[in-house]
Structures are given as structure tokens and as C-alpha cells.
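Just so it is clear: chains get the letters A, B, ... in the order the sequence lines come, proteins before strands, and each one is counted from 1.
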2 protein chains.
Amino acid sequence: MQKATADKSDPIAAQLAPVGRETVQDRVYSELRRALIGGLFEPSQVLTIRGLADALMTSTMPVREALGRLITEKALEALPNRSVRVPPITLERMDDLLRARILIEGEAIALAATRMNSRQIATIEGMLGEWDEMRALKHKKDVDREVTLNQAFHFEIYRACGSAVLIPMIESLWLQSGPCIRVAIYAFSDAGEVDTAHYHRTIVKAMAAQDAAGAREALIADISRPFVFLRNKLEADSKKGLSA
Amino acid sequence: MQKATADKSDPIAAQLAPVGRETVQDRVYSELRRALIGGLFEPSQVLTIRGLADALMTSTMPVREALGRLITEKALEALPNRSVRVPPITLERMDDLLRARILIEGEAIALAATRMNSRQIATIEGMLGEWDEMRALKHKKDVDREVTLNQAFHFEIYRACGSAVLIPMIESLWLQSGPCIRVAIYAFSDAGEVDTAHYHRTIVKAMAAQDAAGAREALIADISRPFVFLRNKLEADSKKGLSA
DNA sequence: TCAATGCAAGTGTGATCACAAATCAAATAA
DNA sequence: TTATTTGATTTGTGATCACACTTGCATTGA
């Protein structure tokens with residue numbers, strides 16, 4: 001396998017995309033990330049290395065390294081007993097997360113507003129259509145698809161901000177708020193108010209006009225919704241639990 | 001070892017501090033962190049698991065997990081060859097890092113400005129004294145102590161912001177800018193302009209007055225210095241290299 | 001009946017081994 | 001001399017094992 005035979009002078013090699021050797025650990029990590037952001041794990045649920053290894057059909061080795069990585073991103077929590085769980089939801093933590101997301105994602109979208117080219121704007125505009133489409137056959141209540149599409153929309157924008165530092169931080173924030181969001185989305189569906197498309201449309205409009213301040217404002221409104229909704233719900237629940 | 005016999009009713013237990021079982025992996029991780037923030041590793045230097053394991057006198061297992069964690073925080077970089085190195089310094093990355101630090105650390109200090117109690121302010125005020133003290137016998141050029149003291153000063157403030165979400169992000173940012181900073185500090189010393197104490201004094205003043213905007217501004221001035229200094233240096237070097 | 005004790009299963013951590021891929025150096029061919 | 005190849009060494013990855021600690025449950029004692 002010589003390096004010289006695979007360089008740019010070879011007309012064959014130019015058409016071949018690098019295959020990219022993904023390790024088992026990477027796959028486990030991605031899978032756990034996906035599950036976390038999608039809210040497949042319950043808050044306060046404890047995870048065991050061997051349990052996950054069995055579920056993912058691998059040995060314990062890739063799992064323990066993936067868990068360690070998720071713990072450092074605060075997506076999981078290491079208890080003093082040395083067991084690991086998905087962090088529980090508290091009101092303080094929710095406010096903390098929302099504040100950080102407003103700060104950082106707001107900055108990212110403001111940067112992106114001045115840097116997105118027309119092709120990128122067309123891409124996110126196209127996503128609005130997908131959203132309406134899914135909404136049409138809404139009875140299916142496909143929460144997974146909803147979460148995935150929402151994530152794709154936001155990160156298509158964030159990627160355009162051009163900051164290799166901010167984007168991983170935003171990913172970490174989504175990882176941390178994943179469990180909360182899922183709860184909120186279910187509550188949303190029950191309450192019947194799923195107007196995400198409206199908020200996204202406002203964002204696209206601002207981006208097309210290169211209106212950084214407007215985009216930031218629209219984004220804040222969008223990401224705040226599940227948090228304030230869930231906050232109200234939790235407060236109502238605790239009040240009800242208190243009186244009961 | 002019963003839980004019941006170790007609770008608050010036992011007069012003996014009240015005097016005993018929990019022993020806290022730190023794992024080898026944690027020690028390796030902390031040690032590598034310290035080295036990274038202190039800039040003990042050169043930018044672009046590649047690290048090997050077995051090499052570090054030998055240096056740290058442990059097996060490869062704790063090292064590889066610590067490296068994985070540092071890679072997810074972007075403190076280290078995983079090359080496609082699967083070797084890991086400390087990220088190289090580029091102008092784009094420096095600007096990116098500085099912008100993120102201004103955004104997040106600025107927010108943290110603004111929050112802290114309204115929450116620090118007089119005892120905490122006295123603590124950071126006391127640190128100014130230590131700084132002057134060190135400066136007096138400056139001929140020793142104790143860069144390590146300088147870095148440590150600077151870190152202690154800043155994080156004493158950040159901890160007071162009360163955000164469990166922002167603080168780990170700031171730690172990650174320090175980890176990422178560690179290699180840059182060290183280079184800058186050496187350059188500073190050569191240039192003979194070490195007026196960090198002045199900037200810190202301004203910060204303390206603003207914190208004592210609960211002046212959030214002033215504190216943010218003073219902080220930005222403080223953390224920007226090494227970056228602009230290093231930027232000028234790098235630009236001068238590349239220009240010189242170009243003409244040579 | 002209830003709490004304390006002791007045993008067994010489960011779990012995380014670290015060490016070691018096997019294997020594949022990458023790297024480096026010497027040797028060979030042009 | 002220079003470029004290529006071949007082989008040895010190094011390195012990351014995953015699997016397995018041993019050990020210590022925790023947890024849960026059944027047994028025993030008052």
C-alpha cells in the first residue's frame with residue numbers, strides 16, 4: 001500500500017472517497033449519543049457497562065471508553081458508587097442549560113447569518129417543506145423523526161458559523177438537554193401545540209435577510225419553548241404533589 | 001461497613017472525612033490536564049499510549065481512557081492514522097478560541113459579579129498579594145507558578161457564577177488554549193511586559209463594586225492579551241519566514 | 001416482627017494478550 | 001544517487017481475565 005500510488009496524479013483515486021475506518025468504540029459512542037439526544041434514556045436511569053455491551057452486541061471495552069467520553073461531556077453522570085446514570089432533571093439545571101444555549105447558540109446563529117451562502121439557505125428552506133410534510137400525516141406522532149429533523153435544521157445553521165470551537169460545545173449542550181427535551185416534546189404533543197414549523201420559518205426568513213439580531217431572537221424563542229413548557233409542567237406537578 | 005453506624009449520630013464519624021477513592025484513570029486524567037493547561041506539551045506533539053503509561057508508571061488502560069476523554073474535549077486531536085497529538089496552533093484557531101472565551105467567560109464573570117459575597121471577594125483580593133509577592137522575586141521566572149496562580153484566580157471567580165454548565169465549558173476552553181498560552185507567556189517574559197497583576201486588580205475592583213459590565217470588560221482585556229501578543233508574533237514570524 | 005449479619009451475584013477497574021495497521025529503516029533495483 | 005520494496009518494530013484496538021467493591025437477598029438473631 002504505497003502512498004505515492006494513491007495521490008492526486010492517479011485518475012482512479014480522484015473518484016474514490018476515503019473509506020474511513022470507524023472503530024467499534026466510535027460506533028458505540030455515536031449510538032449512545034443518538035439515544036441520549038433523542039431522549040431514549042430516562043432521566044436518572046442508571047447504565048451498566050455489561051448491559052450496554054450486550055445490547056450493542058460488543059464487548060465491554062468499547063462501551064466503557066464511550067461512557068467515559070460521555071461523562072466528560074456531562075451527558076452522563078458518574079455517581080460516587082462508580083455507577084453511571086443519565087443526569088436527573090431539576091429546575092435549576094434546566095434554567096442553567098437554557099441560559100447557556102441562548103448564549104452560545106445565539107452567538108453561533110448570529111455568526112452564521114452573515115456567512116450563509118444562498119445554497120445553504122436553500123437547504124434549510126427545503127427542510128421547512130419536509131417539516132410540513134411530516135406534519136400533514138401527523139397522526140403517526142413520529143417523535144423520533146421530529147427530533148432528528150429539528151436537529152438537522154439547527155445544525156445545518158450552526159455549521160455555517162464557521163467556528164470549530166463553538167460547534168462541539170453546542171453538541172454537548174444538546175446532549176445534556178436531550179433527556180429534558182424528549183419529555184417536553186411528549187408533553188407538547190399531548191397539549192397539541194406543535195408549531196415548530198412557524199418558528200423555523202421565522203428563522204429562515206431572518207437568515208435569508210442576513211438579519212443577525214433577528215435570527216438570534218427567533219432562535220431564542222424557538223429553543224426556549226420546550227424549556228418554559230417543561231418548567232411550567234414540573235412546577236404544576238410539584239404543586240399538585242404537595243397538595244396531594 | 002454499615003451505613004447506619006457512620007451517620008451523624010456517631011461522634012467519631014463526625015471527625016472523619018470521607019476518604020474518597022480516586023481511580024488511577026482519574027489521576028492520569030488530572031495529570032494530563034495539568035500538563036496541557038500548563039503548556040508542558042508542544043503544539044503538534046504526538047502522544048503515544050504506551051509512552052505516557054511508562055512516564056506515568058501505570059499500564060496502558062488508564063491512559064487510553066484518559067486520552068479518549070481529552071479528545072472529546074478537543075484538548076487533544078485524533079489523527080486519521082489513529083495517533084493522537086496536541087492540536088497545532090493556527091491563527092484561525094486562536095481567533096476562534098478567543099472569541100469563545102470572551103463570550104463564555106465574559107458571561108460567567110458578569111453572573112459572578114452579582115453573586116460573590118464579601119468572603120469570596122476577599123479571597124481573590126488576597127491572591128493579588130501573592131501575585132505581587134511572586135513578582136518581587138521575578139528573576140526566578142517561575143512560569144509554572146504564574147500559570148497556576150492565574151488559573152486559581154480566574155476559576156475562583158468563575159465558580160461563583162453558580163452555573164454547573166458554564167464552568168466545564170470554560171475548563172475545556174482553557175484546556176484547548178493551554179498550548180497557545182504557554183508560548184505567549186514565554187514571549188511575554190522575553191518582552192518584559194508582565195503586568196498581569198494590574199489587569200487582575202481592575203477585575204477585583206469591578207467585582208467588589210458588583211459592576212458586571214466593568215468586570216466583563218476588564219476580563220476581556222485580560223484574556224485577550226496573550227492572544228493578540230501571540231498573533232502579532234506569529235504574523236511577524238511568518239512574514240520574516242516569507243522574506244527569508 | 002424487625003433489624004442485623006452473611007453470602008452470592010453483579011459491576012467497575014486495571015492488567016495482559018492477540019491482532020491489524022502504521023511507521024521506520026535497511027536493502028535492493030533503476 | 002534516488003526511488004522502491006521488504007521486513008522488523010511500534011502502536012492502537014478489542015477481548016478476556018482477575019480483583020475489589022457494591023448491591024440485593026436470604027438467613028439468623030433478638
Pair B:Gln120, B:Arg115 - check side-chain hydrogen bond (donor to acceptor under 3.5 Å, both in side chains), show working.
CA-CA 10 Å; B:Gln120 291 170 315; B:Arg115 300 184 188 203; over 6 Å; no
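- For A:Leu67 and C:dT11, the CG to P distance is 13 Å, given to the nearest whole Å.
- Note on B:Gln25: only backbone sugar-phosphate atoms sit closer than 4.0 angstrom, heavy atoms only; bases stay farther off.
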Atom pairs and distances, donor-acceptor, side-chain atoms in residues 147-154 of chain A, under 3.5 Å, two or more places apart:
residue, atom, partner, partner atom, Å
A:Thr148, OG1, A:Asp144, O, 2.9
A:Asn150, OD1, A:His154, ND1, 3.3
A:Asn150, OD1, A:His200, NE2, 3.1
A:His154, ND1, A:Asn150, O, 3.1
A:His154, NE2, A:Asp222, OD2, 2.9

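- Judged as a side-chain contact (heavy atoms from CB on, under 4.5 Å), and not counting sequence neighbours, the contacts of B:Ala112 are B:Ile157, B:Ala160, B:Cys161, B:Met207.
- Less than 4.0 Å separates DNA chain C from at least one heavy atom of each of the following residues of residues 71-87 of chain A: A:Arg82.
- Taking the side chain as every heavy atom from C-beta outward, A:Pro168 and A:Glu73 never approach each other to under 4.5 Å.
- Rounding to whole angstrom units, CZ of residue B:Arg69 and C1' of C:dT13 are separated by 13 Å.
- Shown here are the side-chain contact (heavy atoms from CB on, under 4.5 Å) partners of B:Arg82, two or more places apart in sequence or in another chain: A:Arg21, A:Thr23.
- A search for salt bridge (Lys or Arg N to Asp or Glu O under 4.0 Å) contacts involving A:Asp95 returns A:Arg231, not counting sequence neighbours.
- Note on the helix from C:dT1-D:dA30 to C:dA30-D:dT1: terminal axis deviation equals 0°, with five pairs used at each end and the result rounded to 10°.
- One can place CG of A:Asp54 at 12 Å from C1' of C:dG10, the figure rounded to the nearest angstrom.
- For B:Glu65 and C:dG12, the CD to P distance is 12 Å, given to the nearest whole Å.
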Per-nt protein contacts along nucleotides 15-20 of chain D (heavy atom under 4.0 Å; B base, S backbone sugar-phosphate only, - none) come out as BB----
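- Evaluation of the side-chain contact (heavy atoms from CB on, under 4.5 Å) rule for B:Val24 yields B:Arg27, B:Val28, B:Thr58, B:Pro62 as partners, not counting sequence neighbours.
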Could you pull out every donor-acceptor pair under 3.5 Å between side chains of residues 42-53 of chain A and any protein atom, sequence neighbours left out?
residue, atom, partner, partner atom, Å
A:Gln45, OE1, A:Glu42, N, 2.9
A:Thr48, OG1, A:Gly51, N, 3.1

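- Applying the side-chain contact (heavy atoms from CB on, under 4.5 Å) rule to A:Ile102 yields the partners A:Leu98, A:Ile220, A:Ile223, A:Ser224; only residues at least two apart in sequence or on another chain are considered.
- Not counting sequence neighbours, B:Glu92 has no partner by the salt bridge (Lys or Arg N to Asp or Glu O under 4.0 Å) test.
- Taking a 4.0 Å limit (strictly below) on heavy-atom distances, residues 40-49 of chain B reaches DNA chain D at B:Leu47, B:Thr48, B:Ile49.
- Ion pairing of B:Arg33 with B:Asp26 is absent here, as no side-chain N (NZ or NE/NH1/NH2) approaches a carboxylate O to less than 4.0 Å.
- Distance A:Asp26 CG to D:dG12 P: 15 Å, rounded to the nearest Å.
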